[in-house]
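Below is one structure, written out as structure tokens; comments come after it.
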There are 2 protein chains.
Amino acid sequence: MLSTPDELTGLLRSHGILPTQQRLLIARALFENPRHVSAEQIMGQVNEGQAHVSKATVYNTLGLFARNGLVNEVIVDPSRVFYDPNTTHHHHFYNIDTGELTDIEADQLMLSEPPTLPEGTTIAGVDVIVRVRNKTAAS
Amino acid sequence: MLSTPDELTGLLRSHGILPTQQRLLIARALFENPRHVSAEQIMGQVNEGQAHVSKATVYNTLGLFARNGLVNEVIVDPSRVFYDPNTTHHHHFYNIDTGELTDIEADQLMLSEPPTLPEGTTIAGVDVIVRVRNKTAAS
DNA sequence: GTCAGTGCAAACCCTTTGCAGAAAG
DNA sequence: CTTTCTGCAAAGGGTTTGCACTGAC
């Protein structure tokens with residue numbers, strides 16, 4: 001989708017992120033073929049070629065991207081965080097057998113206004129996770 | 001709520017769980033005052049008195065309870081799993097500043113039928129997490 | 001008596017951190 | 001030149017595991 005160096009540089013700058021070589025590599029891995037990825041998968045993808053980005057930098061960069069709204073963290077599995085380059089309003093299927101995450105477009109799943117928020121709080125986001133299981137899986 | 005030894009014993013048996021002393025202590029901690037707790041909190045509560053249950057047993061037991069439908073795991077924070085003794089259909093507020101989890105009754109938040117499930121899967125559950133933030137929190 | 005459960009400590013794994021060297025502006 | 005970023009390795013922290021002992025039936 002987005003994958004030219006210039007586009008990526010602009011994307012980072014527009015989110016207040018200084019574009020460095022490593023950040024561009026990580027951004028390219030996320031946006032040239034957008035899907036849900038773990039930090040480990042990004043590490044693998046970035047380091048496939050001759051480039052090398054350290055584990056610490058991958059984690060720090062993904063955290064930075066998430067704080068600056070470039071990607072969303074998806075919390076569905078206590079053992080790892082997924083990063084989602086799609087920051088439009090949408091929800092997720094999570095296959096508990098395979099660990100696979102897929103999108104549910106916002107218009108496919110409507111939900112009513114949430115009830116009154118707890119005292120002194122503002123809304124930060126609404127996540128809907130539809131957990132599914134393989135029909136054939138031994139339960 | 002439920003807290004007599006007999007009630008708890010019956011509850012465990014009805015979920016196919018052999019009632020042992022440690023499991024009864026953990027079940028009592030969960031059900032005598034139902035709320036959202038982490039494994040660590042259960043450890044603390046169970047071991048307040050003269051009883052002692054090891055960390056491994058607490059984790060193993062909570063996992064067993066969750067697999068057998070006695071409690072639900074609530075995945076909202078990558079750093080820890082919460083256990084919810086309320087297994088009726090409901091949703092959650094999660095305060096990202098304080099880590100506090102509170103219930104949203106099912107009738108307070110309606111959602112439409114989920115779209116077609118991914119090929120070959122059945123639904124395992126739907127989680128709705130409304131993330132909130134303290135108004136006064138330094139962002 | 002047999003099988004399942006428990007306790008302890010060590011292992012695990014993802015993630016974060018400290019600090020010296022490198023790169024960006 | 002100054003400030004921020006990166007890499008490495010080590011620390012961190014919740015959770016799981018291996019194995020001998022204990023308890024349930």
Side-chain angles (χ1 to χ4, degrees), chain A residues 5-6 8-13 15-29 36-47 50-68 70-71 73-83 96 99 101, chain B residues 5-6 8-13 15-29 36-47 50-68 70-71 73-83 96 99 101:
Chain A
D6 283 358
L8 291 171
T9 300
L11 186 64
L12 296 200
R13 283 201 205 283
H15 285 262
I17 297 168
L18 191 64
T20 64
Q21 292 183 192
Q22 291 84 345
R23 287 172 182 177
L24 286 169
L25 287 166
I26 293 168
R28 190 177 67 196
H36 308 91
V37 287
S38 63
E40 191 186 11
Q41 289 174 298
I42 286 291
M43 261 278 272
Q45 190 180 340
V46 167
N47 294 333
Q50 58 279 50
H52 175 73
V53 179
S54 75
K55 191 188 284 196
T57 298
V58 170
Y59 277 99
N60 291 339
T61 299
L62 289 171
L64 176 69
F65 284 5
R67 276 195 307 284
N68 290 40
L70 200 68
V71 298
E73 292 184 337
V74 186
I75 314 295
V76 287
D77 181 326
S79 72
R80 61 204 186 291
V81 176
F82 287 99
Y83 292 90
I96 59 183
L101 254 186
Chain B
D6 283 358
L8 291 171
T9 300
L11 185 64
L12 296 200
R13 283 200 205 283
H15 286 262
I17 297 169
L18 192 63
T20 65
Q21 293 182 192
Q22 292 83 345
R23 290 173 180 177
L24 287 169
L25 286 167
I26 293 168
R28 191 177 65 195
H36 308 92
V37 287
S38 62
E40 190 186 12
Q41 288 174 300
I42 287 290
M43 262 276 271
Q45 189 180 341
V46 167
N47 292 334
Q50 58 279 48
H52 176 74
V53 179
S54 74
K55 190 188 283 197
T57 298
V58 170
Y59 277 97
N60 291 338
T61 299
L62 289 172
L64 176 70
F65 284 5
R67 276 194 306 285
N68 290 41
L70 199 68
V71 298
E73 291 184 338
V74 186
I75 314 294
V76 285
D77 181 327
S79 73
R80 60 206 188 291
V81 176
F82 287 99
Y83 292 90
I96 58 182
L101 253 186

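Per chain, numbering begins at 1; letters A, B, ... match sequence-line order. Note that the coordinates shown come from a computational prediction; the quantities given were computed from them, not determined experimentally.
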Establish, with yes or no, whether the OP1 or OP2 oxygen of [N] is under 4.0 angstrom from a side-chain nitrogen or oxygen of [X].
| X | N | result |
| --- | --- | --- |
| Gln22(B) | dG23(D) | no |
| Tyr59(A) | dT16(C) | no |
| Ser54(B) | dG7(C) | yes |
| Thr57(B) | dG7(C) | yes |

Nucleotide [N], atom [atom2] - distance to [atom1] of [X] in whole Å:
| X | N | atom1 | atom2 | value |
| --- | --- | --- | --- | --- |
| Leu24(B) | dG5(C) | CG | P | 13 Å |
| Leu25(B) | dA24(D) | CG | P | 12 Å |
| Gln21(A) | dG21(C) | CD | C1' | 15 Å |
| Lys55(B) | dT16(D) | NZ | P | 12 Å |
| Leu18(B) | dG5(C) | CG | P | 6 Å |
| Asp77(B) | dT16(C) | CG | P | 11 Å |
| Asn60(A) | dA9(D) | CG | P | 16 Å |
| Met43(B) | dT6(C) | CE | C1' | 13 Å |

Could you check whether any side-chain N or O of [X] sits under 3.5 Å from a backbone N or O of [Y], counting only pairs where one atom can act as donor and the other as acceptor?
| X | Y | result |
| --- | --- | --- |
| Arg23(A) | Leu12(A) | no |
| Asn68(A) | Ile17(A) | no |
| Thr61(B) | Thr57(B) | yes |
| Gln41(A) | Ser38(A) | yes |

Is there side-chain contact between Ile75(B) and Asp77(A), with at least one heavy-atom pair below 4.5 Å?
no

Is there side-chain contact between Val76(B) and Phe82(B), with heavy atoms separated by less than 4.5 Å?
yes

Side chain of Val53(B), heavy atoms from C-beta onward: which of dT15(C), dG7(C), dA9(D) has the nearest atom to it?
dG7(C)

Between Arg13(B) and Arg80(B), which is nearer to the 5' end of DNA chain D once each is assigned its nearest nucleotide?
Arg80(B)

Quick check: on DNA chain D, is the nucleotide nearest Glu40(B) upstream (toward 5') of the one nearest Thr20(B), or the reverse? Name the residue that is more 5'.
Glu40(B)

Starting at the 5' end of DNA chain C and moving along, which residue's nearest nucleotide shows up first, His52(B) or Arg23(B)?
Arg23(B)

Just how large is the angle between the end axes of the helix from dG1(C)-dC25(D) to dG25(C)-dC1(D), five pairs per end, to 10 degrees?
30°

Kindly compute the distance separating CG (Leu25(B)) from NE2 (His52(B)), expressed to the nearest 0.5 Å.
11.0 Å

Assign Ser38(B) to base, sugar-phosphate, or nothing according to its heavy-atom contacts below 4.0 angstrom with the strands shown.
nothing

